[in-house]
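These numbers come from the heavy atoms of this one structure, side chains and all, not from hydrogens, waters or symmetry mates. Naming: A, B, ... by sequence-line order, numbering from 1 per chain.
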Number of protein chains: 2
Amino acid sequence: MFSQTVEYALRAIVYLASKSPQACTTDQIAAATQVPKPYLSKVLQNLGRNDIVRSQRGIGGGVMLVKTPAELTILEVVNAVEPIERIETCPLGLKSHGRHLCPLHRRMDDALASVESAFGSTTLAEVLNEPTSSPPLCEPAASLRKKVSGKVV
Amino acid sequence: MFSQTVEYALRAIVYLASKSPQACTTDQIAAATQVPKPYLSKVLQNLGRNDIVRSQRGIGGGVMLVKTPAELTILEVVNAVEPIERIETCPLGLKSHGRHLCPLHRRMDDALASVESAFGSTTLAEVLNEPTSSPPLCEPAASLRKKVSGKVV
DNA sequence: GTTAAATTGGATATTGACGTCCTGTTTTGT
DNA sequence: ACAAAACAGGACGTCAATATCCAATTTAAC
């Protein structure tokens, strides 16, 4: 139900949030999130155009969050790469229904609303700070440092 | 977020439920639901293979629901054409996470679960019987009969 | 200034979703 | 038996999502 692109974008943002406000290179993010690097760069470009991340070219450059993890919600990220399209009007174009959805589309839109609400009320900070035995993107005990192209960060 | 195919399948099933236990032709359903007829026939074939509908060839034949509208949930229809895939294990394949999802995927799966739950607890009968000013698939006042290829049913 | 690091953008596969069309098969009514 | 109604299935076309690759551009460090 969620596209691969959404999954990739969220992984990248979670990683960036964990490093925030530091900038990270596409290589770093790709290694940590297991997203194909060439495609990740497209996803990050997209996130850049939608003002979720900011990028800096050249040596020492990379990508960083525009907002703080506490200010950024999952919904903003999802809507940047693949907007959740609520059902506003009757998909059959029945004029008389107007803004009033039929019971079927009412329920479909309710489902969309619940997803939107859940994602909109969760910040990246909440995701990162939640006490858990499974920290996002990494093995609980072992650090990922060794895996990141031998470069210790 | 919901595919076109899911939308089409649900429209067709709602229509069939409204005529249940009568059989309807693909032409009838296509006209009432505004789904392209050739594609609708594929969707209905699919619903047939998944035992949601049963079809009868020849004159007077058509497609009908296998269950009664009261026994059939929206979820069953959705899962027949495009199963809601819950996130069971860590998409990054982190062994140590095992069945325990990280906070990010926990929240994504929670969203899926809420959709699954909402769809699973709603029967077609409930959709049809809900008091509303916008009955499913048709204009509130005018009947659709005149539109259905001139054949009064 | 030159070089190396890093993103940007364009061009190009590949795959599945969406959609169409045609032929074959089953069934009913005459 | 024949004709018409109706679904079944395969072949095909189109387009967007996914993914890759390469050349161009920016930037920091020496």
Using whole Å, what does the distance between atom P of nucleotide C/dC18 and atom CG of B/Leu44 come to?
15 Å
Listed nucleotide nearest any side-chain atom of A/Gln56, set D/dG9, C/dC18, D/dA28
D/dA28
Report yes if at least one side-chain N or O of B/Ser41 is closer than 4.0 Å to OP1 or OP2 of D/dA8; otherwise report no.
no
Rounded to the nearest Å, what distance is computed from the NZ atom of residue A/Lys42 to the P atom of nucleotide C/dA11?
11 Å
Side-chain touch A/Val35/A/Val43, heavy atoms, less than 4.5 angstrom:
no
Assert: residue with more 5' nearest nucleotide on DNA chain C, out of B/Gly60 and B/Glu82, is B/Glu82
If the cut-off is 4.0 Å, is A/Tyr39 near the phosphate of D/dT18, judged by side-chain N/O to OP1 or OP2?
yes
Mind calculating the distance between CD1 (A/Ile59) and C1' (C/dG1) to the nearest angstrom?
14 Å
Round to a whole Å and report the spacing from CD of A/Gln4 to P of C/dA17.
13 Å
Of the nucleotides C/dT7, C/dT20, C/dA11, which one has an atom closest to the side chain of A/Val63?
C/dT7
Are A/Glu76 and A/Lys67 ion-paired here, with the side-chain N under 4.0 Å from a carboxylate O?
yes
How are the rings of B/Phe2 and B/Phe119 set to each other: parallel, tilted or perpendicular (split at 30° and 60°)?
tilted
Taking the minimum atom-to-atom distance to the side chain of B/Arg57, which one of D/dT18, C/dG9, D/dC7 wins?
D/dC7
Got A/Val14 and A/Arg11 here, is their nearest side-chain heavy-atom distance under 4.5 Å?
no
Does the side chain of A/Tyr8 get closer than 4.0 angstrom to OP1 or OP2 of D/dA19 through an N or O atom?
yes
Separation of D/dT18 atom C1' from A/Asn46 atom CG, nearest Å, is 13 Å
How many whole angstroms separate atom CG of A/Leu16 from atom P of C/dT7?
11 Å
If each of B/Arg49 and A/Gly61 is mapped to the nucleotide of DNA chain D with the nearest heavy atom, which maps nearer the 5' terminus, i.e. the 5' end?
B/Arg49
Salt bridge (charged side-chain N to carboxylate O under 4.0 Å, His left out) between B/Arg106 and A/Glu130, worked out:
CA-CA 11 Å; B/Arg106 169 86 277 126; A/Glu130 181 166 301; over 6 Å; no
CD/A/Glu85: more than 12 non-hydrogen atoms of other groups inside 6.0 Å:
no
Strictly below 4.0 Å: does B/Thr5 bring a side-chain N or O up to OP1 or OP2 of C/dC18?
yes
Distance criterion of 3.5 Å, no angle test: do you see the side chain of B/Lys37 paired donor-to-acceptor with the base of C/dG19?
no
Give the rounded distance in Å between these two atoms: CD of B/Gln45 and P of C/dG24.
17 Å
Looking across every strand, which nucleic acid part, if any, lies under 4.0 Å from A/Pro36 by heavy atom: base, sugar-phosphate, or nothing?
sugar-phosphate
Quick one: which of C/dC18, C/dT20, D/dT18 gets closest to the side chain of B/Ser3?
C/dC18
B/Arg54 has an atom CZ; how far is it from atom C1' of C/dT27, in whole Å?
13 Å
Per atom distances to the A/Thr26 side chain, the nearest of C/dT7, C/dC18, D/dC21 is C/dT7
Within the structure shown, what part of the strands sits under 4.0 Å from B/Gly48 by heavy-atom distance: base, sugar-phosphate, or nothing?
nothing
